Engineer: 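Below is a structure I'd like to ask you about.
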Amino acid sequence: VLAPWCVFLSMCSKAPPSQPVSCRHLPPRVRAGLTLMARTGQLTRIAWLAHLVRLLGTACLGFGLLGLGAASIVNPVMASAMFGLPVTTNLVWVQVAGVRDIALGLGTLAIWMFYRPALRIFTPVTLVVAAGDAVITMQSGGVFPSPFNHLFGVVGISVLSVAAWLDPTLKMPTVSDPLLANRDWV
């Protein structure tokens, strides 16, 4: 629980940006990944920041989509108003969007739990969904501020995508890389 704060405090130190940062309170799996980063010279403040943004952003994206999907299925009238489109008598589309959001949330969390390097590909793909929602809402005369809510989602997922590509712990393992032979930390 204290590991992110330890990392944050280490980033705020007056050490040069290229100096590796360490924290003994991290779980062994994370420590192994950070050891690999330190050996390869990739452990800088920018790498730490990208790593933290990726961790927090992935959790927010996964759990946020699960919550949004559940709300869409349980209360489609409220979800339609949140989405920014007019409430009609036929709200099946809201429940369908809810199922889609639940699937994307579960996919995000599953990739985060089981094969984190795939986040480099998966987050830009979810960006397509968020951007499509924003465009469709604006074209359909979405009520203020809902188009901006969708654009906020696009910006958030864009930041997460960049962080995923900058996070050296998400380096794809290769057969020729001897340091990546043990994939337990991935």
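This is a predicted model, so every value here is computed, not measured. For this chain, numbers begin at 1 and follow the sequence in order.
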Engineer: Output every pair passing ring-ring contact (aromatic ring centres under 6.0 Å, His included) with a member in residues 84-109, not counting sequence neighbours, ordered by first then second residue.
Structural biologist: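 As it turns out, the ring-ring contact (aromatic ring centres under 6.0 Å, His included) pairs with a partner in residues 84-109, which skip direct neighbours, are Phe83-Trp93.
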Engineer: Under 4.5 Å between side-chain heavy atoms, counting indirect links through other Ile/Leu/Val/Met/Phe/Trp/Tyr residues: same cluster for Leu109 and Leu61 or not?
Structural biologist: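 Shared cluster, yes.
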Engineer: List the atom pairs, with distances to 0.1 Å, where a side-chain N or O of residues 153-163 and a protein N or O form a donor-acceptor pair under 3.5 Å, not counting sequence neighbours.
Structural biologist:
residue, atom, partner, partner atom, Å
Ser158, OG, Val154, O, 2.7
Ser161, OG, Thr123, OG1, 3.4
Ser161, OG, Ile157, O, 2.9

Engineer: Hey, quick one: are Leu91 and Ile136 part of the same hydrophobic cluster, counting side-chain heavy atoms closer than 4.5 Å, chains of contacts allowed?
Structural biologist: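 Cluster IDs for Leu91 and Ile136 differ.
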Engineer: Name the atoms and distances for all side-chain donor-acceptor pairs under 3.5 Å in residues 62-82, with sequence neighbours left out.
Structural biologist:
residue, atom, partner, partner atom, Å
Ser72, OG, Leu68, O, 2.9
Asn75, OD1, Met78, N, 3.3
Ser80, OG, Leu85, O, 3.1

Engineer: Please identify each residue that fulfils side-chain hydrogen bond (donor to acceptor under 3.5 Å, both in side chains) with Asp101, with sequence neighbours left out.
Structural biologist: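 In terms of side-chain hydrogen bond (donor to acceptor under 3.5 Å, both in side chains), with neighbours along the sequence ignored, Asp101 is linked to no residue.
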Engineer: Applying ring pair (Phe, Tyr, Trp, His ring centres under 6.0 Å), can you list everything that pairs with Trp165, at least two apart in sequence or on another chain?
Structural biologist: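 Partners of Trp165 under the ring pair (Phe, Tyr, Trp, His ring centres under 6.0 Å) test: none.
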Engineer: Taking salt bridge (Lys or Arg N to Asp or Glu O under 4.0 Å) as the cut-off, I'd like each qualifying pair that reaches into residues 73-83, sequence neighbours left out, listed once.
Structural biologist: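 Checked against salt bridge (Lys or Arg N to Asp or Glu O under 4.0 Å) - neighbours excluded - no pair reaches residues 73-83.
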Engineer: Does one hydrophobic cluster hold both Leu104 and Ile102, with members joined at side-chain heavy-atom distances below 4.5 Å?
Structural biologist: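 Yes: a chain of side-chain contacts under 4.5 Å links Leu104 to Ile102.
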Engineer: Among residues two or more places apart or on two chains, list those pairs meeting salt bridge (Lys or Arg N to Asp or Glu O under 4.0 Å) that have a residue in residues 57-85.
Structural biologist: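 Output for this query is empty, none listed.
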Engineer: Distance from Leu119 atom CG to Thr108 atom OG1, nearest 0.5 Å?
Structural biologist: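 Atom-to-atom, Leu119:CG and Thr108:OG1 are 7.5 Å apart.
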Engineer: Applying salt bridge (Lys or Arg N to Asp or Glu O under 4.0 Å) as the test, list every pair that has at least one member in residues 47-58; sequence neighbours left out.
Structural biologist: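 Found Arg54-Asp167.
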Engineer: Taking a hydrophobic cluster as the set of Ile, Leu, Val, Met, Phe, Trp and Tyr residues connected by side-chain heavy atoms closer than 4.5 Å, whether directly or through intermediates, do Phe122 and Val129 fall within one such cluster?
Structural biologist: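 Both belong to a single hydrophobic cluster.
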Engineer: Output every pair passing side-chain hydrogen bond (donor to acceptor under 3.5 Å, both in side chains) with a member in residues 124-134, not counting sequence neighbours, ordered by first then second residue.
Structural biologist: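 Qualifying pairs: Arg100-Asp133.
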Engineer: According to the salt bridge (Lys or Arg N to Asp or Glu O under 4.0 Å) rule, which pairs have a member within residues 59-86, sequence neighbours left out?
Structural biologist: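 Qualifying pairs: none.
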Engineer: With side-chain contact (heavy atoms from CB on, under 4.5 Å) as the test, would you mind laying out the steps for His150 and Val135 before giving the verdict?
Structural biologist: CA-CA 9 Å; His150 292 289; Val135 168; over 6 Å; no
Engineer: Residues sharing Val96's hydrophobic cluster, by side-chain heavy-atom contacts under 4.5 Å among ILVMFWY, directly or via others?
Structural biologist: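 Under the 4.5 Å side-chain rule, Val96 groups with Val92.
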